[in-house]
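One-based numbering along the sequence shown. Each ligand, and each atom within it, is numbered from 1 in the order the structure gives. Given the structure is predicted, the values throughout are model-derived calculations rather than measurements.
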Amino acid sequence: MKFWIISIFIYKLVIADPVPIVLWHGMGDTCCVSVSLGSFKLFLEKNIPGVYVNSLRVGNNTIEDLENGYFMSPNQQIEYVCNLLASDLKLRNGFNAIGFSQGSQFLRGVVQRCGHQLPPIKNLITLGGQHQGVYGLPHCGALQHESCDYVRKLLNYAAYYKWVQKALVQATYWHDPLDEETYKKGSQFLADINNERVINKTYINNLNKLEHFVMIKFDGDSIVQPRGTEWFGFYKPGQAKVMQSLQESALYVKDRLGLKKMDKAGKLVFLSQPGDHLRFSQDWFIKNIINVYLDPKK
Ligand SMILES: *[C@@H]1O[C@H](CO)[C@@H](O)[C@H](O)[C@H]1NC(C)=O
Ligand SMILES: *[C@@H]1O[C@H](CO)[C@@H](O)[C@H](O)[C@H]1NC(C)=O
């Protein structure tokens with residue numbers, strides 16, 4: 001009898017449970033419906049036996065979760081999620097985080113703003129995230145239509161009005177490359193977490209505690225414009241045609257967010273997939289993400 005108890009104890013010590021995973025869905029999606037993140041959660045559970053997955057629901061129910069993706073300020077959403085994660089005892093030994101689309105920059109916000117109050121966040125993996133914001137409307141990128149350029153110029157006039165920033169989530173990561181100064185002053189979410197106004201050392205320290213920050217870009221993305229934002233790139237300031245990479249940007253060169261330091265330490269990982277927004281095969285995900293970051297083979 002004693003032998004068995006000791007054996008089970010040793011077994012528990014040696015074969016540790018897999019690292020839990022937190023998911024944050026994108027705009028127009030929710031935590032749990034079976035056609036999207038619900039089935040992705042099942043996919044993770046099947047391929048990492050015993051893993052605990054917390055797919056974040058921002059709101060008291062799924063409908064609120066959907067609405068909040070459009071109308072609840074990201075700053076409030078992040079605070080709400082910081083509290084959810086702090087009270088989830090199953091995460092107490094640390095976890096990995098996966099963001100989908102706008103959930104990517106929101107999870108990065110969580111890491112930066114409350115990482116020091118949470119168990120260790122090991123790897124942050126972002127799929128089609130908008131780390132430098134967006135300048136364009138869904139599907140406009142692929143269509144290359146003239147009216148798209150007209151509409152985005154029009155949106156420029158209103159995006160940074162305080163009431164629009166408060167009323168519409170997507171305005172808080174609208175990034176107008178033609179007027180960087182107004183963006184830096186007016187963007188209540190993105191310009192702050194990207195340390196565009198002041199340098200917040202807590203953000204730098206928290207981000208640097210990650211083991212890896214993996215960014216996945218979709219080369220055929222018709223939703224996110226410009227696609228380079230998924231790798232933390234953006235238009236060169238002052239125009240909206242020529243792109244610059246993260247490494248070419250002032251943010252990196254002056255290292256306002258500690259990304260240069262992370263890059264030199266091999267913590268930044270840039271991956272891409274050929275398809276449209278969030279399109280990837282399960283095999284690719286198993287080989288490149290699960291086996292490498294979520295459940296590495298010892
Ligand atoms: C949860 O419900 C309460 C009461 O209706 C509401 O005030 C609150 O905003 C809801 N929470 C979220 C995150 O939507
Ligand atoms: C920096 O970020 C921390 C954590 O979110 C916050 O408490 C603090 O007020 C911020 N400082 C500045 C100067 O914005």
I'd like to know if the side chain of [X] pairs up with that of [Y] as donor and acceptor (distance under 3.5 Å, no hydrogens or angles considered).
X: Q130; Y: S101; value: yes
X: E64; Y: N60; value: yes
X: H131; Y: T126; value: yes
X: D263; Y: Q247; value: yes

Tell me: protein heavy atom nearest atom 10 (C) of ligand 2, and distance?
N200 ND2, 2.4 Å
Provide, to 0.1 Å, the distance between atom 14 (O) of ligand 1 and the closest protein heavy atom, together with that atom's residue and name.
E64 OE1, 3.0 Å
Any idea which of N60, N68, I63 brings a heavy atom closest to atom 11 (N) of ligand 1?
N60
Which atoms of ligand 2 sit under 4.0 Å from any heavy atom of R113?
4 (C), 5 (O)
For ligand 2, find out whether one of its N or O atoms is nearer than 3.5 Å to an N or O atom of H116.
no
Main-chain N/O of L251 paired to R256 side chain as donor or acceptor, under 3.5 Å:
no
Counting from 1, what ligand 1 atoms have a heavy atom of G59 closer than 4.0 Å?
12 (C), 13 (C), 14 (O)
Step by step, would you call D192 with R113 a salt bridge (Lys or Arg N to Asp or Glu O under 4.0 Å)?
CA-CA 10 Å; D192 177 78; R113 287 195 181 149; 2.8 Å; yes
Kindly indicate whether atom 5 (O) of ligand 1 is approached by any protein heavy atom to under 4.0 angstrom.
no
Any protein heavy atom at under 4.0 Å, with atom 2 (O) of ligand 1 as the reference point?
yes
